[in-house]
Amino acid sequence: MTSTGPQDVQHTGEPVGGEAAGGVRLRKPPAAARREPPGLTGPFAAADGTDRLAALPLPLRFATRAAAALLVAVSLLHVAFVFLHVAPPNPISQRYARQIQGWVYPFFEQNWRLFAPDPESAVPQISVRTASTSSDGTHSVSGWHDLTAIDNAAVRHDPFPSHTSQNMLRRAWSGYLDTHGTSDVSYSDRALMWQEYLRNIAVERAPASGHGSVTDIQLRVRTVPVARNDATGHTLPVSPSAVDTRELPWWKVTSHGH
């Protein structure tokens with residue numbers, strides 16, 4: 001009589017590699033029994049494992065694959081341009097500076113001040129005046145209209161101040177200053193964009209002229225240093241010589257405005 005040893009005992013109802021009651025070791029099921037059912041896996045796989053992309057007509061299948069390849073290529077290009085934009089200057093970023101800036105600005109601009117704040121050391125005070133021509137040909141110039149004072153009044157004592165009132169005019173001037181410096185000539189498309197942006201804001205917010213249609217507009221920017229405190233905590237007065245006043249050139253107001 002042949003005896004059956006523990007190595008010949010098979011029980012497919014118990015977990016593989018476990019032991020049955022009485023210390024009997026179970027044999028692992030054959031590889032064919034553990035094999036997963038055939039089927040396709042991936043983004044184009046249906047619930048039954050079939051390829052949904054293969055079921056499409058040939059032109060639509062080609063268009064789908066081309067669109068997916070295009071999206072991948074654009075994503076890689078975007079990541080590369082943004083990386084070269086934020087990376088330290090290198091031969092590649094300097095050689096393709098125009099292409100990088102054309103891609104990044106104005107929609108993908110990177111601003112790291114959220115992580116490394118740069119406190120303002122001076123406060124710009126921006127005023128506007130307009131020139132108009134009446135129906136009889138008389139040319140007149142209005143007085144200065146302080147736009148910054150209006151923004152400050154709208155923000156002061158407001159528990160939920162408007163982000164536009166706080167930053168739009170100041171950010172427009174900051175962008176103009178970064179691209180123009182001490183010159184008022186736009187030497188690049190980005191500089192021209194900032195000039196038009198600042199001009200359009202001034203045109204929108206300039207008071208209506210009662211003497212005819214507005215033909216020209218001019219901005220004046222008084223940059224006042226932030227007042228310092230002495231050792232006792234008292235605020236020191238700002239010297240008038242430290243205040244910088246800059247008058248921008250007259251800009252034409254076009255008929256289509258902005």
Side-chain angles (χ1 to χ4, degrees), residues 97-99 101-109 111 113 120-158 161-226 238-258:
R98 179 180 295 273
Q99 291 84 349
Q101 291 184 3
W103 179 272
V104 171
Y105 294 106
F107 301 108
F108 306 114
E109 180 182 3
N111 191 333
R113 291 186 179 181
E120 296 287 348
S121 59
V123 179
Q125 183 181 7
I126 304 175
S127 303
V128 62
R129 66 176 177 177
T130 59
S132 58
T133 303
S134 60
S135 56
D136 58 359
T138 303
H139 188 74
S140 60
V141 178
S142 68
W144 289 106
H145 188 67
D146 195 341
L147 301 179
T148 302
I150 297 177
D151 287 346
N152 294 339
V155 170
R156 190 174 294 113
H157 307 306
D158 188 347
S162 168
H163 180 77
T164 301
S165 299
Q166 295 180 82
N167 297 316
M168 184 173 69
L169 182 62
R170 179 181 59 84
R171 185 69 181 93
W173 168 246
S174 176
Y176 180 87
L177 194 62
D178 290 342
T179 54
H180 290 78
T182 58
S183 173
D184 293 311
V185 180
S186 302
Y187 291 103
S188 65
D189 293 339
R190 183 167 178 258
L192 182 61
M193 179 194 70
W194 278 110
Q195 175 185 326
E196 293 178 350
Y197 181 56
L198 181 61
R199 182 201 63 189
N200 293 342
I201 294 176
V203 170
E204 285 184 348
R205 302 186 56 183
S209 174
H211 306 286
S213 59
V214 175
T215 58
D216 302 270
I217 195 166
Q218 185 183 28
L219 293 177
R220 181 185 67 186
V221 183
R222 298 178 68 250
T223 305
V224 182
V226 175
V238 177
S239 172
S241 60
V243 178
D244 178 67
T245 301
R246 176 177 174 180
E247 291 188 4
L248 276 62
W250 285 96
W251 291 332
K252 287 290 184 181
V253 176
T254 58
S255 58
H256 56 274
H258 38 275

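The distance from the CH2 atom of W144 to the CD atom of Q125 is 11.5 Å, given to the nearest 0.5 Å. Distance CE/M193 to CG/D189: 9.5 Å, rounded to 0.5 Å. We find the CG-OG distance between L219 and S127 to be 9.0 Å, quoted to the nearest 0.5 Å. D178 contributes atom CG, which lies 8.0 Å from atom CH2 of W194 (distance to the nearest 0.5 angstrom). The CG atom of N167 sits 9.0 Å away from atom OG of S162, with the distance rounded to the nearest 0.5 Å. Rounded to the nearest 0.5 Å, atoms CD1 (I126) and CG (L169) are 3.5 Å apart.
Counting only distance, with no hydrogens or angles, the side chain of Q218 and the backbone of L248 share a donor-acceptor pair below 3.5 Å. Panel note: side chain T179, backbone G175; a donor-acceptor pair is recorded below 3.5 Å. T130 places no side-chain N or O within 3.5 Å of a backbone atom of S142 that could act as its donor or acceptor partner.
Scanning all heavy atoms of the two residues, the minimum distance from P124 to V221 falls at CB-CG1, 4.0 Å. When all heavy atoms of L198 and A172 are compared, the pair lying nearest together is CD1-CB, 3.9 Å. Counting all heavy atoms, side chain and backbone alike, P225 lies closest to V238 at O-CG2, 3.8 Å. Residues V185 and H180 come closest through the heavy atom pair O-CD2, 3.5 Å.
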- Candidate pair I201 and M168, rule side chain to side chain contact (heavy atoms under 4.5 Å, CB included), full reasoning: CA-CA 9 Å; I201 294 176; M168 184 173 69; 3.7 Å; yes

- Might you work through the side chain to side chain contact (heavy atoms under 4.5 Å, CB included) test for D151 and V155, ending with a clear yes or no? CA-CA 6 Å; D151 287 346; V155 170; 5.6 Å; no

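Note on ring orientation: taking the six-membered ring where Trp is involved, the planes of W173 and Y176 are parallel (angle under 30°, cut-offs 30° and 60°).
R246 is listed as a side-chain neighbour of L177, based on a closest heavy-atom distance under 4.5 Å. Taking the side chain as every heavy atom from C-beta outward, H145 and I150 approach each other to under 4.5 Å.
Between D146 and R222 no salt bridge is recorded (no basic side-chain N to carboxylate O distance below 4.0 Å).
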